[in-house]
Amino acid sequence: MTAVGVLALQGAFLEHARALQACGCRPVEVRKPEQLDDCRALIIPGGESTAIGKLMDEFGLFESVRRFGAGGRPIFGTCAGMVLLAREIEGSEQPRLGLMDIAVKRNAFGRQVDSFEADVLVPVLGEKPVRGVFIRAPYVTAVGRGVETLAVFDGKVVLVGQDKFLAGAFHPELTTDTRLHQYFLRFLD
Ligand code: GLN
């Protein structure tokens, strides 16, 4: 079974592990750099990007995850994971991986609509929309050359791909629809 890492420092890592199992993979909880050695891809879950970043720093994971990605291994970031993958975070100097040429805005949908669910059309997954669970979600405010916009919701870019990196503003792991995980796992081929 293909081993796929889930960064397990904080946030919704168990739900991603469950989704990976449903896709026929073996999830590996990653808390130390050497645990990446077994993994053919990595998911960075939602949670709190500042907290995850602080723990990544403490556990020496920034450099190792950067190397993992730069070496051509696929990485999927959801919500806080998207923030951590971004090159630029509006109004914030917080630590990040900077592997994707995107700018993001945190907690970007506003306080009144802190958390919500909505159908999001993701053309690469077909005509049936995914149920997007947005929890204090970021969105993408700028994309560089080489970044593909994969979904737009309410005029905001909420899913992007670049090489073997994928970043989404919402939480596919909180639904039973595994199409987005499966789409990501195709990067392994
Ligand atoms: N607002 C969080 C952050 O910026 C992300 C929220 C989430 O992952 N659900 O880190």
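Just follow the structure's listing: the first ligand is 1, and inside any ligand the first atom is 1. Nothing here was measured: the structure is a model prediction, and the numbers come from that model.
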Item to complete: Considering the heavy atoms of Cys79, write down every atom of ligand 1 situated less than 4.0 Å from one of them.
Response: 5 (C), 6 (C), 7 (C), 8 (O), 9 (N)

Worksheet, complete the sentence: atom 1 (N) of ligand 1 has as its nearest protein heavy atom Asn107 OD1, 2.6 Å

Worksheet item: Parallel under 30°, tilted from 30 to 60°, perpendicular over 60°: which one fits the rings of Phe76 and His16?
Response: perpendicular

Practice prompt. Identify the protein heavy atom lying closest to atom 2 (C) of ligand 1, giving its residue, its atom name and the separation to 0.1 Å.
Written response: Gly47 O, 3.6 Å

Discussion item. Can you tell me which portion of Arg106 lies within the under-4.0 Å heavy-atom range of ligand 1? Options are side chain, backbone, both, or neither.
Written reply: side chain

Worksheet item: Is there a donor-acceptor contact under 3.5 Å linking the side chains of Arg106 and Gln94?
Response: yes

Item to complete: Going by heavy-atom distance to atom 9 (N) of ligand 1, choose the closest among Arg136, Gln94, His171.
Response: His171

Item to complete: Could you tell me which atoms of ligand 1, counted from 1 in the order shown, lie closer than 4.0 angstrom to a heavy atom of Ser49?
Response: 3 (C), 4 (O), 10 (O)

Worksheet item: Looking at Tyr139, does the NZ or CZ of Lys156 lie under 6.0 angstrom from its six-membered ring centre and within 45 degrees of the ring axis?
Response: yes

Worksheet item: More than 12 heavy atoms of other residues, nucleotides or ligands under 6.0 Å from CD of Glu127: is that the case?
Response: no

Fill in: Spacing of Asp38 atom CG and Thr2 atom OG1 [to the nearest 0.5 Å]
12.5 Å

Worksheet, complete the sentence: The salt bridge (charged side-chain N to carboxylate O under 4.0 Å, His left out) partner of Glu29 among Lys32, Arg31, Arg26 is Arg31

Worksheet, complete the sentence: For Gly46, the ligand 1 atoms with a heavy-atom partner under 4.0 Å come out as 8 (O)

